[in-house]
Student: 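Structure in structure tokens, see below.
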Amino acid sequence: MLQRIYGTSWASQKDLDEYLKRIEEAEKRDHRKLGREMDLFHFREESPGSVFWHEKGWKLFQKLVTYMRDRQNKAGYKEVNTPEILDRALWEKSGHWEKYGEHMYTSQTPDKKIFVIKPMNCPGHVQVFNQGLKSYRDLPLRISEFGKVHRYEPSGALHGLLRVRAFTQDDAHIFCTEDQITEECLIVTNLILDIYKDLGFENVILKYSDRPDLRVGDDGVWDKAEKALLDAVKASKLEYTINKGEGAFYGPKIEFVLRDAIGRDWQCGTLQVDLNLPGRLDASFVDNDGTKKVPVMLHRALFGSLERFIGILIENYAGKFPFWIAPLQVVVIPISEEFDAYAKEVNEKINDVGMSSEVDLKNHNLNYKIREHSLSKIPLLLICGKKEVDSNSVTIRRLDTNKQENMELNLFLEKFSALNKASSN
RNA sequence: GCCCUUGUAGCUCAGCUGGUAGAGCAAUUGAUUUGUAAUCAAUAGGUCCGCGGUUCGACUCCGUGCGGGGGCACCA
């Protein structure tokens with residue numbers, strides 16, 4: 001019988017203590033624990049690897065989608081929506097059925113047809129591209145979708161929000177000419193890094209994978225595609241690794257990797273050049289010489305999986321989100337029943353200007369409420385008592401400080417609604 | 001999927017060698033009306049993950065299924 005033994009060893013008690021402390025800190029940041037404590041989401045046996053989003057978690061999710069949609073609109077993407085289930089025949093034609101069929105969910109209709117519950121959005125996007133005759137003047141054409149995909153991942157691979165069986169991709173496919181690959185790759189890379197910065201990630205690890213032995217497409221185009229991607233990687237000036245020969249059979253790729261609380265790496269964003277699928281699914285455009293050509297397709301996802309990204313985001317901030325993405329930003333606390341009416345009025349005004357606020361009218365004292373809402377990581381607590389009512393103001397207590405700051409209510413509304421968006425906007 | 005491990009109240013956990021469960025917090029109700037991190041009291045809350053087996057008797061022992069955790073493999 002073979003027995004595997006794990007262990008760690010340390011030069012001194014001090015090193016060991018530091019190690020244990022680090023583990024303890026990491027456990028506090030664990031998104032599964034915080035997800036429960038902060039009432040963001042849960043999982044159930046009935047659907048392993050699929051998220052039940054609660055109100056606050058879903059609000060966070062929606063905020064990220066809204067933010068991304070805005071960034072993508074500004075970057076020239078056309079948002080579409082494609083079917084959740086598509087005939088198996090399409091997946092056979094694309095080549096996915098043969099390679100990943102084992103990991104696909106399928107659904108049989110009463111008339112005995114087999115439909116695949118989509119594990120990716122690309123075949124759907126090619127169908128949209130194929131509608132109508134496309135000219136070289138239409139390129140680059142950037143088609144995006146917040147597409148929910150299902151993949152039957154091995155049970156042992158599941159891990160909270162970081163590895164699930166149903167997830168939402170901020171997916172897009174850029175149809176372009178070979179000459180446009182370089183510029184488009186640079187634009188995508190810059191967009192990803194800019195967005196990650198807005199969300200507090202400065203240390204992104206890039207992994208670049210080039211041509212494998214078994215591949216499609218001619219070497220001239222591979223040369224172009226690889227150079228374009230590598231240039232994009234270099235331009236980022238970030239740490240990167242080269243995984244020789246580990247690209248997809250259809251093209252080279254970059255992975256944008258973020259790290260969780262205990263140091264595990266997770267691929268979030270990705271950028272891949274595809275020299276195969278457009279041809280297999282009959283995509284074409286009329287070039288300036290009047291001939292039909294097959295476009296190159298770039299697959300890209302910025303967050304990658306919304307679910308995974310949120311998991312990492314929770315761990316990165318230890319649940320203490322920046323004001324603009326916190327799902328519940330403000331809790332208004334009256335000192336006693338006497339001030340309930342004022343607190344309600346304050347709460348309403350805050351919600352009216354687009355922040356999310358709740359008022360805590362429960363029968364508990366101030367100390368108790370401050371403790372509760374601090375533990376649930378609400379960025380701002382507004383205390384309302386006699387002083388505030390008399391001066392039409394609020395007393396602000398920010399998360400993780402015990403300083404108090406009194407502010408006239410209208411000034412508060414003005415100041416904080418201005419802070420209610422990402423720094424780059 | 002594989003190896004190891006684990007499953008008791010909403011949460012965190014007790015429950016000795018088998019005799020059908022208990023605490024703290026949360027919840028509910030009442031009292032208190034509180035000025036910056038836990039006011040007091042009462043009440044309620046459980047198919048001990050599911051299914052089989054052993055036994056007079058199973059939360060406890062055995063088998064099996066499902067889920068969780070850590071690793072491995074996988075990750076379009």
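This structure is a prediction, so every number in the text was calculated from the model and none was measured. Order of the sequence lines sets the chain letters (A, B, ...), proteins ahead of strands, with each chain counted from 1.
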Student: From NE2 of A:His373 over to C1' of B:A37, roughly how many Å is that when rounded to an integer?
Tutor: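 So the NE2-C1' distance, A:His373 to B:A37, works out to 12 Å.
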Student: For a quick check of understanding: with a heavy-atom distance under 4.0 Å over all strands, which category does A:Lys369 fall into, base, sugar-phosphate or nothing?
Tutor: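 No contact.
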Student: May I ask you to say what A:Pro119 touches in the nucleic acid, namely base, sugar-phosphate or nothing, with a heavy-atom cut-off under 4.0 Å?
Tutor: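 Base contact.
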Student: Any idea which of B:A76, B:U34, B:G68 is nearest the A:Leu366 side chain?
Tutor: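 Comparing B:A76, B:U34, B:G68 against the side chain of A:Leu366, the answer is B:U34.
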Student: Please state whether the phosphate of B:G1, meaning OP1 or OP2, lies under 4.0 angstrom from any side-chain nitrogen or oxygen of A:Ser155.
Tutor: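 Result: yes.
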Student: Can you tell me if A:Arg397 touches the phosphate of B:A37, counting only side-chain N or O atoms and a distance under 4.0 Å to OP1 or OP2?
Tutor: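 Checking A:Arg397 against B:A37: at least one side-chain N or O falls below 4.0 Å of OP1 or OP2.
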Student: Should A:Glu338 and A:Lys386 be marked as a salt bridge (Lys or Arg N to Asp or Glu O under 4.0 Å) after you check the CA-CA gap, both sets of side-chain angles, and the distance that decides it?
Tutor: CA-CA 9 Å; A:Glu338 196 185 330; A:Lys386 181 161 186 350; over 6 Å; no
Student: What's the closest nucleotide to the side chain of A:Ser336 if the choices are B:A76, B:U36, B:U34?
Tutor: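 Closest nucleotide among those given: B:U34.
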Student: Test A:Arg264 against A:Asp260 for salt bridge (Lys or Arg N to Asp or Glu O under 4.0 Å), laying out the working first.
Tutor: CA-CA 5 Å; A:Arg264 279 183 288 213; A:Asp260 72 11; 3.4 Å; yes
Student: Can you confirm if the NZ or CZ of A:Arg300 lies within 45° of the ring axis of A:Tyr77 and under 6.0 Å from the centre of its six-membered ring?
Tutor: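 Satisfied, under 6.0 Å and within 45°.
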Student: Between A:Glu145 and A:His125, do the side chains contain a donor N or O and an acceptor N or O under 3.5 Å apart?
Tutor: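 Yes - a donor-acceptor pair under 3.5 Å links their side chains.
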Student: Atom CG of A:Asn367 and atom P of B:C40: how far apart are they, to the nearest Å?
Tutor: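 These atoms are roughly 12 Å apart.
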Student: Determine the interatomic distance between C1' on B:G19 and the same-named atom on B:C61; round to the nearest Å.
Tutor: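 15 Å, rounded to whole Å.
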Student: Which base sits across from B:C25 as a Watson-Crick or G-U pair, both distances under 3.5 Å?
Tutor: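 B:G10 is the nucleotide pairing with B:C25.
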Student: Taking only the C1' atom of each, what is the distance from B:A38 to B:A26 in whole angstrom?
Tutor: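 Their C1' atoms lie roughly 12 Å apart.
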Student: With distance as the sole criterion, is a donor-acceptor pair present between the side chains of A:Gln272 and A:Tyr250 under 3.5 Å?
Tutor: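 Result is yes, a qualifying pair exists.
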Student: Nearest whole Å is fine: how far is B:A76 C1' from A:Glu255 CD?
Tutor: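 About 12 Å, once rounded to whole Å.
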Student: Looking at A:Arg165, I'd like to know whether one of its side-chain N or O atoms comes within less than 4.0 Å of OP1 or OP2 on B:G67.
Tutor: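 It does not, given that no N or O in the side chain of A:Arg165 lies less than 4.0 Å from OP1 or OP2 of B:G67.
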Student: Work out how far the P atom of B:G30 is from that of B:G67, and round it to whole angstrom.
Tutor: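 Going atom to atom, P in each nucleotide, I get 44 Å.
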Student: Provide, to the nearest angstrom, the distance between the CD atom belonging to A:Glu153 and the C1' atom belonging to B:A73.
Tutor: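 From A:Glu153 CD to B:A73 C1': 13 Å.
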Student: For A:Thr82 and A:Gln127, test the side chains for any donor-to-acceptor distance below 3.5 angstrom and give the result as yes or no.
Tutor: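 There is no such pair (donor and acceptor under 3.5 Å, judged by atom type) between the side chains of A:Thr82 and A:Gln127.
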Student: Using OP1 and OP2 only, check whether a side-chain N or O of A:Asn365 sits under 4.0 Å from B:U39.
Tutor: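 Indeed, a polar side-chain atom of A:Asn365 lies that close.
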Student: Show your reasoning for whether side chain to side chain contact (heavy atoms under 4.5 Å, CB included) applies to A:Thr109 and A:Phe115.
Tutor: CA-CA 8 Å; A:Thr109 50; A:Phe115 288 85; 3.5 Å; yes
Student: Identify the pairs formed between an N or O of the protein and an N or O of nucleotides 6-12 of chain B at a distance under 3.5 Å, and give each distance.
Tutor:
from  : atom 1 : to      : atom 2 : distance (Å)
B:U12 : OP1    : A:Arg36 : NH2    : 3.1

Student: For B:C74, which nucleotide in any strand shown is its Watson-Crick or wobble partner with both distances under 3.5 Å?
Tutor: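 When the pairing criteria are applied, nothing turns out to pair with B:C74, so the answer is none.
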Student: Nearest whole Å is fine: how far is B:C75 P from A:Met120 CE?
Tutor: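 Between P of B:C75 and CE of A:Met120: 13 Å.
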Student: Between B:C49 and B:A9, how far apart are the two C1' atoms, rounded to whole Å?
Tutor: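 Comparing C1' positions in B:C49 and B:A9 gives a spacing of 14 Å.
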Student: Please work out if A:His159 contacts a base, only the sugar-phosphate, or nothing of the nucleic acid, heavy-atom cut-off 4.0 Å.
Tutor: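 Here A:His159 touches the backbone only, sparing every base.
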Student: Pick the C1' atom in B:G46 and in B:C59, then give their distance to the nearest Å.
Tutor: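 It works out to 11 Å between them.
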Student: Honestly, is A:Lys377 close enough over A:Phe321, meaning NZ or CZ under 6.0 Å from the six-membered ring centre and within 45° of the axis?
Tutor: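 So A:Lys377 doesn't make the cation-pi contact.
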Student: So, A:Asp179 and A:Lys224, do they make that salt bridge, N to O below 4.0 Å?
Tutor: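 Result for this pair is yes, salt bridge flagged.
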Student: I'd like the P distance from B:A42 over to B:G24, given in whole Å.
Tutor: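 Here B:G24 and B:A42 have their P atoms 10 Å from each other.
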Student: Has A:Arg163 got a side-chain N or O lying under 4.0 Å from the OP1 or OP2 atom of B:C74?
Tutor: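 Negative; the distance criterion is not met.
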Student: To the nearest angstrom, how far is A:Ile333 atom CD1 from B:A37 atom P?
Tutor: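 That distance rounds to 11 Å.
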Student: Could you tell me how far B:U28 sits from B:G35 if I compare only their C1' atoms? Round to whole Å.
Tutor: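 Taking atom C1' in both B:G35 and B:U28, they lie 28 Å apart.
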Student: For nucleotides 26-29 of chain B, which of its nitrogen or oxygen atoms have a protein nitrogen or oxygen under 3.5 Å away, and what is each distance?
Tutor:
from  : atom 1 : to       : atom 2 : distance (Å)
B:A26 : OP1    : A:Tyr368 : OH     : 3.0

Student: At 4.0 Å (heavy atoms only), tell me whether A:Arg398 reaches a base, stays on the sugar-phosphate, or touches nothing.
Tutor: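 It contacts nothing in the nucleic acid.
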Student: Take A:Ile383 and A:Gly49, find for each the nucleotide of RNA chain B with the closest heavy atom, and name the residue whose nucleotide sits nearer the 5' end.
Tutor: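 The residue whose closest nucleotide sits nearer the 5' end is A:Ile383.
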Student: If we call it a pair only when both distances are under 3.5 Å in a Watson-Crick or G-U wobble match, what pairs with B:G63?
Tutor: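 Pairing partner, where one exists within any strand: B:C51.
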Student: A:Glu388 near the nucleic acid: base, sugar-phosphate alone, or nothing, with a heavy-atom cut-off under 4.0 Å?
Tutor: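 Base contact.
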Student: Who does B:U33 pair with, Watson-Crick or G-U, both distances under 3.5 Å?
Tutor: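 Pairing partner: none.
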Student: What's the closest nucleotide to the A:Pro48 side chain, out of B:G67, B:G70, B:A76?
Tutor: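 That would be B:G67.
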Student: Give a yes/no verdict on a cation-pi contact between A:Arg165 and A:Tyr152, requiring under 6.0 Å between NZ or CZ and the six-membered ring centre and an angle within 45° of the axis.
Tutor: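 Yes, a cation-pi geometry.
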Student: Taking the basic N atoms (NZ, or NE/NH1/NH2) and the acidic carboxylate oxygens, is any pair closer than 4.0 Å for A:Arg163 and A:Glu153?
Tutor: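 So A:Arg163 pairs with A:Glu153 through a salt bridge.
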Student: For the residue pair A:Arg259 and A:Trp266, would you count it as a cation-pi contact if the rule is NZ or CZ under 6.0 angstrom from the ring centre and within 45 degrees of the ring axis?
Tutor: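 Because its charged atom misses either the 6.0 Å distance or the 45° angle limit, A:Arg259 does not stack over A:Trp266.
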Student: Can a side chain N or O of A:Arg44 be found less than 4.0 Å away from OP1 or OP2 on B:G67?
Tutor: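 For B:G67, OP1/OP2 do not have a side-chain N/O of A:Arg44 under 4.0 Å.
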Student: As a quick check of understanding, evaluate salt bridge (Lys or Arg N to Asp or Glu O under 4.0 Å) for A:Asp170 and A:Arg71, giving each step before the final call.
Tutor: CA-CA 12 Å; A:Asp170 57 334; A:Arg71 295 298 308 252; over 6 Å; no
Student: Hunt down the Watson-Crick or G-U wobble partner of B:A44, both distances under 3.5 Å, from any strand shown, or write none.
Tutor: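 WC or wobble partner does not exist here.
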Student: Report which part of the nucleic acid A:Leu381 touches: base, sugar-phosphate, or nothing (heavy-atom distance under 4.0 Å, all strands).
Tutor: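 Touches nothing.
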Student: A:Arg308 side chain N/O closer than 4.0 Å to the phosphate oxygens (OP1, OP2) of B:C75?
Tutor: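 So the side chain of A:Arg308 is outside the cut-off, no N or O lying under 4.0 Å from OP1 or OP2 of B:C75.
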Student: Rounded to the nearest angstrom, tell me the gap between atom OH in A:Tyr152 and atom P in B:C74.
Tutor: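 After rounding, the reported distance stands at 18 Å.
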Student: Of the listed nucleotides (B:G35, B:C74, B:A37), which one gets closest to any side-chain atom of A:Ala157?
Tutor: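 Side chain of A:Ala157 sits closest to B:C74.
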Student: Rounded to whole Å, please give me the gap between CG in A:Asp360 and P in B:U34.
Tutor: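 Rounded to whole Å, this separation is 17 Å.
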Student: Please give the nucleotide sitting opposite B:C56 as a Watson-Crick or G-U wobble pair, both distances under 3.5 Å, or none.
Tutor: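 Check on B:C56: paired to B:G19, both distances under 3.5 Å.
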Student: Say you pick atom C1' in B:G45 and the same atom in B:A23; how far apart are they, in whole Å?
Tutor: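 B:G45 and B:A23 have their C1' atoms separated by 14 Å.
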